[in-house]
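Reminder, nothing fancy here: chain letters follow the sequence lines and each chain counts from 1. All figures in this text were calculated on a predicted structure; none of them were measured in a lab.
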Protein chains: 2
Amino acid sequence: MNTDTELSPSALRIADVAQALVQQVGYNGFSFEHISQAVGMRKASIHHHFPTKVVLGVAVVKRYTQQFEDALGQIDRQFSAPHQRLLAYADLFETTFGHDHRLCVCGMLGAESSSLDEAVNTEVRRFFELNLSWLQRAFQDGQRSGVWHQRHSAQDLAETLLSLLEGAMLVGRSVSQPMGPRRTCDVFLSGVTA
Amino acid sequence: MNTDTELSPSALRIADVAQALVQQVGYNGFSFEHISQAVGMRKASIHHHFPTKVVLGVAVVKRYTQQFEDALGQIDRQFSAPHQRLLAYADLFETTFGHDHRLCVCGMLGAESSSLDEAVNTEVRRFFELNLSWLQRAFQDGQRSGVWHQRHSAQDLAETLLSLLEGAMLVGRSVSQPMGPRRTCDVFLSGVTA
DNA sequence: GTCTATATTGTGATAGAC
DNA sequence: GTCTATCACAATATAGAC
């Protein structure tokens with residue numbers, strides 16, 4: 001299940017660098033040569049671990065999704081209150097963004113999706129569906145316990161919050177004093193409260 | 001002032017195609033060859049009108065910002081109620097997204113910003129600042145007239161809504177039945193209402 | 001303004017030695 | 001697993017004829 005277990009130490013370093021590059025410059029913005037320089041190996045060696053760029057891209061997204069899934073599990077175990085869970089969720093994005101204004105891997109790849117291989121797009125979709133169903137459950141819990149109003153479906157609230165967090169990182173890259181994902185989440189949630 | 005006036009008919013067609021390509025596959029996702037094929041001219045002819053890709057990119061963003069500015073002026077003349085103005089604003093994004101799931105030009109370029117020339121990034125920033133100040137004014141009007149609560153500053157509400165709309169397009173590319181920018185805006189505004 | 005032709009560099013990918 | 005060497009092709013860009 002854990003993709004990392006299958007990766008050799010070198011492959012791990014490559015995947016780390018590739019992920020950072022995706023978050024910084026996007027899939028179409030980096031080459032095997034960039035990875036080569038960052039990781040201190042020749043291009044041919046990168047190809048030994050990941051034969052094609054598509055294979056590398058898919059591996060990066062799968063690993064990222066796995067890490068995210070683990071983080072969501074941790075949140076569930078740590079917090080029971082829906083509001084706390086959502087704030088912890090927003091903090092995942094805040095932490096990523098705080099790291100040199102990196103984007104969410106799948107936010108970046110979602111933007112580029114029209115030019116990507118379907119194998120990559122499929123994994124990106126999986127990431128979003130996973131996030132949406134987790135968020136939907138959190139909103140359902142909040143609505144059932146009466147903490148939030150029920151003007152909108154939990155499904156709509158989930159997609160709205162996810163869009164907000166992804167967008168906050170995107171916009172935050174181009175404004176001088178960005179609020180960041182966490183604060184935009186506060187603004188949104190305070191409006192949802194009953 | 002109007003950049004279009006300075007562009008010859010051929011240059012206009014090129015800019016149109018380039019803008020569509022930016023919205024679909026991003027700045028790093030298209031080449032002069034793609035433009036060449038779409039517009040029916042040779043690569044060298046494209047270079048005659050726009051000597052470098054950066055010059056072309058800057059021209060596309062300037063024109064896009066100008067068009068957006070015009071649209072905002074029209075909204076101001078057509079609607080006086082802040083709520084109506086914001087819904088019309090969201091419809092600008094909805095229309096763009098409805099067109100083959102195209103992204104906002106500056107949303108796409110904002111994501112790619114780390115790999116772009118500063119001349120392009122500067123124009124992208126201008127676009128966002130323009131939008132934020134327009135949104136801020138709309139929220140201020142709504143708060144002064146008592147339509148909305150004042151839990152958050154108009155500035156924060158502006159950046160939150162902008163992030164939401166940009167993010168809704170991004171996420172909308174990778175989910176099966178996207179809400180679209182307009183509906184996410186409805187969800188957000190209903191929470192802001194006093 | 002548009003074309004052909006070409007220069008130059010970058011890119012994804014492979015072959016084969018060590 | 002990593003390397004050197006190389007391929008085929010795509011990218012941005014320029015020179016110069018028409």
List the protein contact pattern of nucleotides 8-14 of chain D with one symbol per nucleotide (5' to 3'): B for base contact, S for sugar-phosphate-only contact, - for none; contact means a heavy-atom distance under 4.0 Å. ---SBBB
Are there over 12 heavy-atom neighbours, none belonging to A/His149, within less than 6.0 Å of that residue's NE2?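 Yes - once you tally the heavy atoms of other residues, nucleotides and ligands closer than 6.0 Å, there are more than 12.
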Should we say atom CD of B/Glu69 is surrounded by more than 12 heavy atoms from elsewhere, each under 6.0 Å from it?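 For B/Glu69, atom CD is crowded (more than 12 foreign heavy atoms under 6.0 Å).
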Minimum heavy-atom separation for A/Tyr89 and A/Ile75, please, with both atom names.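 That would be N-CD1, 3.8 Å.
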Can you see whether A/Asp70 engages A/Gln74 through a side-chain donor-acceptor pair at a distance of less than 3.5 angstrom?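 On atom types as modelled, these side chains do not qualify, holding no pair under 3.5 Å.
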Examine the side chains of A/Gln155 and A/Glu159 and answer whether a donor and an acceptor come within less than 3.5 Å of each other.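 No, no side-chain donor-acceptor contact under 3.5 Å.
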Who pairs with A/Arg42 by salt bridge (Lys or Arg N to Asp or Glu O under 4.0 Å), at least two apart in sequence or on another chain?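 Scan of A/Arg42 (salt bridge (Lys or Arg N to Asp or Glu O under 4.0 Å), adjacent residues dropped) gives none.
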So B/His47 and B/Phe32, would you call those rings parallel, tilted or perpendicular, with 30° and 60° as cut-offs?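 Rings of B/His47 and B/Phe32: parallel, under 30°.
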Donor-acceptor pairs under 3.5 Å, side chain of residues 91-98 of chain A to any protein atom, not counting sequence neighbours: which ones?
unit_1	atom_1	unit_2	atom_2	d
A/Asp91	OD1	A/Arg182	NH1	3.2
A/Asp91	OD2	A/Arg182	NH1	3.0
A/Glu94	OE1	A/Arg182	N	2.8
A/Thr95	OG1	A/Asp91	O	2.9
A/Thr96	OG1	A/Leu92	O	3.2

Please list, by residue number, the residues of residues 18-25 of chain A whose heavy atoms come closer than 4.0 Å to an atom of DNA chain C; answer none if no residue qualifies.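 When residues 18-25 of chain A is checked for heavy atoms under 4.0 Å from DNA chain C, there are no hits whatsoever.
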Can you confirm whether B/Val61 sits close enough to B/Cys106 that some side-chain heavy atom of one is under 4.5 Å from a side-chain heavy atom of the other?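 They are in contact (side-chain heavy atoms under 4.5 Å apart), so the answer is yes.
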For DNA chain C, note the earliest and the latest nucleotide, 5' to 3', having some atom under 4.0 Å of a heavy atom belonging to chain B.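 It runs C/dG1 to C/dT4.
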Contacts of A/His49 that satisfy ring-ring contact (aromatic ring centres under 6.0 Å, His included) - sequence neighbours left out: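 A/His49 satisfies ring-ring contact (aromatic ring centres under 6.0 Å, His included) with no other residue.
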